[in-house]
Amino acid sequence: MIVSAERATNALRVVALAGGVGGAKLAAGLAACLPPASLTIIVNVGDDFDHLGLRICPDLDTVCYTLASIANPDTGWGRLDESWHAFDEIVALGGADWFRLGDRDLATHIIRTNRLREGEPLSKITKDMCRMWGIVHTVIPASDDPIPTQVHTEEGILQFQEYFVQKKCIPKVEEFRFQGVENAHPAPGVIAVIRAADVIVICPSNPWVSIDPLLAVPGIYDEVKKKEVIAVSPIIAGETIKGPAAKMYRELGITPSATTVAKHYVGILSGFIFDTVDAELDEEIEDLGLRPLITNTVMLNEYDRQRLAREVLEFGMSYNAK
Ligand code: FO1
């Protein structure tokens, strides 16, 4: 019996690993193609920090806002139809002006901070917020424990947002540390959903500061390694669409390319998806023992996200063809 690709991909149980804007776009594309029970998105928490007394979780918010179609389409972070009255007054009162917090966005940080202060785990708060934002797929932070990414640079050790926003990713990076990760635990449900998955999709997020900190949470890497894992390259023709991943590779002495991203994950990957402009890397990718899928990986709009997601799912399904 020929099962339609549509029906078969719906039967797939998919876990997507995501962080940042690129990851959120593919996560949203996957969510548009899969029923709620078929997709769980595990999100990096390494970018999270305390600012003006508020707990800010940028990657969780970028993924959730994008899934709920309430994300600012120009920046990828923060909210659609945003206003900045509170932020303007914060600055007028001498508050930090380098990290912009919109009025709608502030509601998220205020509610989350208060619920954390009352002792609720981040994963439970995230579950409730997803429901209230009308998100039907499951979004889980990699851990309920804080695991702040430290960026070791030639200017010293920077907290992630200091590096990424305040210093605009300019300092030369030397190393990344995920503070306290050795004592962190996967959030409830993370290990179980990975174990139950038919395929794990590593979204086109920054390998160094979005995916590595997620995989570094004790237990996650070992469980992911047992599964069929496919990754979408965030590097196209040696550069990123957005963000410092290519610059980080260069500063760490590695030429950024789809091939070096594939090598970054090679211990766990079985398939690798990269852009047609890099088609000549096909043999290098196959020499790593990976199955290649070469396609247009640039997601400029909703249609692109869903097309790429469908191709990723069909590619992932080919591993599960019994
Ligand atoms: N990025 C910026 O470049 N400038 C900002 O002022 C800024 C504010 C901000 C507020 C909330 C939020 O969730 C994200 C915000 N970001 C800002 C983006 C954030 O630094 C990055 O999205 C992640 O940390 C990396 O993906």
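Only a predicted model underlies this, so the values are computations on that prediction, with no experimental measurement involved. Indexing begins at 1, ligand by ligand and atom by atom, following the structure's order. Computation of the quantities below employed the complete heavy-atom set of this structure, encompassing side-chain atoms and omitting hydrogens, waters and symmetry-equivalent molecules.
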Would Glu162 and Lys167 pass as an ion pair if we require N to O under 4.0 Å?
-> no

Can you give me every donor-acceptor pair (side chain of residues 258-265, partner residue at least two apart or in another chain, under 3.5 Å) with its distance?
| from | atom 1 | to | atom 2 | distance (Å) |
| --- | --- | --- | --- | --- |
| Thr259 | OG1 | Glu284 | OE1 | 2.6 |
| Thr260 | OG1 | Thr255 | O | 2.9 |
| Thr260 | OG1 | Ser257 | N | 2.7 |
| Thr260 | OG1 | Ser257 | O | 2.9 |
| Thr260 | OG1 | Ser257 | OG | 3.2 |
| His264 | ND1 | Tyr249 | OH | 3.1 |
| His264 | NE2 | Asp212 | OD1 | 3.1 |
| His264 | NE2 | Asp212 | OD2 | 2.8 |

Does Asp144 come within less than 4.0 Å of Lys124, counting only side-chain N to carboxylate O?
-> no

Report the residues that fulfil ring pair (Phe, Tyr, Trp, His ring centres under 6.0 Å) with Phe87, sequence neighbours left out, ordered by chain and then residue number.
-> none

Protein residues having a heavy atom less than 4.0 Å from any atom of ligand 1 = Gly20, Asp47, Pro58, Asp59, Trp77, Trp98, Phe99, Arg100, Asp105, Phe160, Gln161, Phe164, Val165

Mind checking whether Ile236 and Val201 sit in one hydrophobic cluster, side chains of I, L, V, M, F, W, Y counted as touching below 4.5 Å?
-> no

Using atom types as modelled, flag every donor-acceptor pair under 3.5 Å from a side chain in residues 169-181 to any protein atom, sequence neighbours excluded.
| from | atom 1 | to | atom 2 | distance (Å) |
| --- | --- | --- | --- | --- |
| Lys172 | NZ | Glu251 | O | 3.4 |
| Glu174 | OE2 | Glu154 | N | 3.4 |
| Glu175 | OE2 | Arg177 | NE | 2.8 |
| Glu175 | OE2 | Arg177 | NH2 | 3.2 |
| Gln179 | OE1 | Gln150 | NE2 | 3.1 |

